[in-house]
Amino acid sequence: SPTPRYLCGHHSHLKSLLDARVTKGSSSEANRFLPKRPPQARPQSRATDSDLTMIKAASSLLQELTNGKLASTIQSFCKRAAAESSDKYWLKHVKNHPQHALPPSPPWSKWVEPKELESFMGSLKRDAQAATSVLSSERSVTMELRRLSDLGTYPTAELALIRKEYRSLEEEWAAGPGEDEASGGSGGKQGESARAGAQGRSEVELEIEFCSRKLLLLRTRREEVENG
């Protein structure tokens, strides 16, 4: 499309670049930024006044700010958004559409049920307590390492044991339930003892156990050095 006369040289060049990118069957992106009804420039107006009038004409937001209609526009939008969020609107939507065409409910919608919400909050509380426990243990481990460093001791053997403990707990987590438990067999006293041990613990429980063992090893070594 021809460049409007009211555009300056820089904006005319920008419009030409946007027009050159138009593909077959589509309109220029420049149309999004040009006023639908460009104002007529007044002969006696100053250049700055003409530019301001052009900017207002190109922006519906500025037009509504100027004529005082922006408040009513926002109120109408809020009322429509609130109406579409209501149960009545949803029920109407459900009745007018087949069940398979409805979008799935968001995961958090189950929290409307008090029992589901209580269960989730309890799980969240347990996770927070576990994270606090792990953080406390890790801070204690860091302190033990600093004290060993001040004593000029490098815990070579303890670090090897810590890596061994980590691999052991990692294998336990990857293995899941024991073979006897998975197959449903009794396995005698030996199988019951194994199942009563570490098998079946959650990842958080294993993480807390690892932190406790790590702290115990380093603290024991530090006390040996201090007492020796």
Side-chain angles (χ1 to χ4, degrees), residues 1-114 116-117 119-121 123-132 134-135 138-139 142 170 173-174 203-204 207:
S1 58
T3 302
R5 294 181 180 179
Y6 55 79
L7 291 180
C8 65
H10 294 293
H11 287 93
S12 298
H13 180 63
L14 287 174
K15 184 180 183 305
S16 301
L17 291 176
L18 293 174
D19 291 344
R21 296 167 55 185
V22 177
T23 58
K24 186 177 181 180
S26 62
S27 59
S28 175
E29 190 178 358
N31 295 332
R32 295 172 49 197
F33 309 102
L34 295 175
K36 295 180 179 179
R37 295 182 179 179
Q40 299 296 325
R42 290 173 292 180
Q44 298 179 352
S45 64
R46 294 178 300 175
T48 54
D49 294 336
S50 177
D51 291 343
L52 182 59
T53 303
M54 185 61 59
I55 292 173
K56 289 180 179 179
S59 173
S60 58
L61 176 60
L62 290 178
Q63 291 178 19
E64 293 186 349
L65 280 172
T66 304
N67 57 29
K69 294 182 179 180
L70 182 60
S72 60
T73 301
I74 294 176
Q75 290 177 356
S76 300
F77 170 78
C78 292
K79 288 180 180 179
R80 185 173 67 254
E84 293 178 355
S85 302
S86 65
D87 294 338
K88 292 182 179 179
Y89 179 87
W90 176 249
L91 291 174
K92 182 180 179 181
H93 183 79
V94 170
K95 291 179 180 179
N96 295 335
H97 291 76
Q99 192 68 26
H100 63 83
L102 296 176
S105 299
W108 50 261
S109 61
K110 62 181 179 182
W111 299 342
V112 175
E113 297 294 333
E116 291 286 349
L117 179 60
S119 175
F120 171 77
M121 295 302 294
S123 176
L124 185 63
K125 183 178 180 179
R126 289 190 296 272
D127 289 344
Q129 291 174 342
T132 302
V134 170
L135 177 61
E138 290 294 346
R139 285 175 173 170
T142 301
E170 187 178 37
W173 166 249
E203 185 178 10
V204 173
E207 181 70 24

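Hydrogens, waters and symmetry mates play no part in the numbers below; they use all other heavy atoms, side chains included.
- For Glu116, there are no side-chain hydrogen bond (donor to acceptor under 3.5 Å, both in side chains) partners two or more places apart in sequence or in a different chain.
- Rounding to the nearest 0.5 Å places NZ of Lys79 at 6.5 Å from OG of Ser76.
- A search for side-chain hydrogen bond (donor to acceptor under 3.5 Å, both in side chains) contacts involving Thr142 returns nothing, not counting sequence neighbours.
- When all heavy atoms of Val22 and Ser28 are compared, the pair lying nearest together is CG2-CA, 3.4 Å.
- The CG atom of Leu18 lies 10.0 Å from the NE2 atom of His13; values are rounded to the nearest 0.5 Å.
- One N or O on the side chain of Thr132 and one on the backbone of Ala128 form a donor-acceptor pair closer than 3.5 Å.
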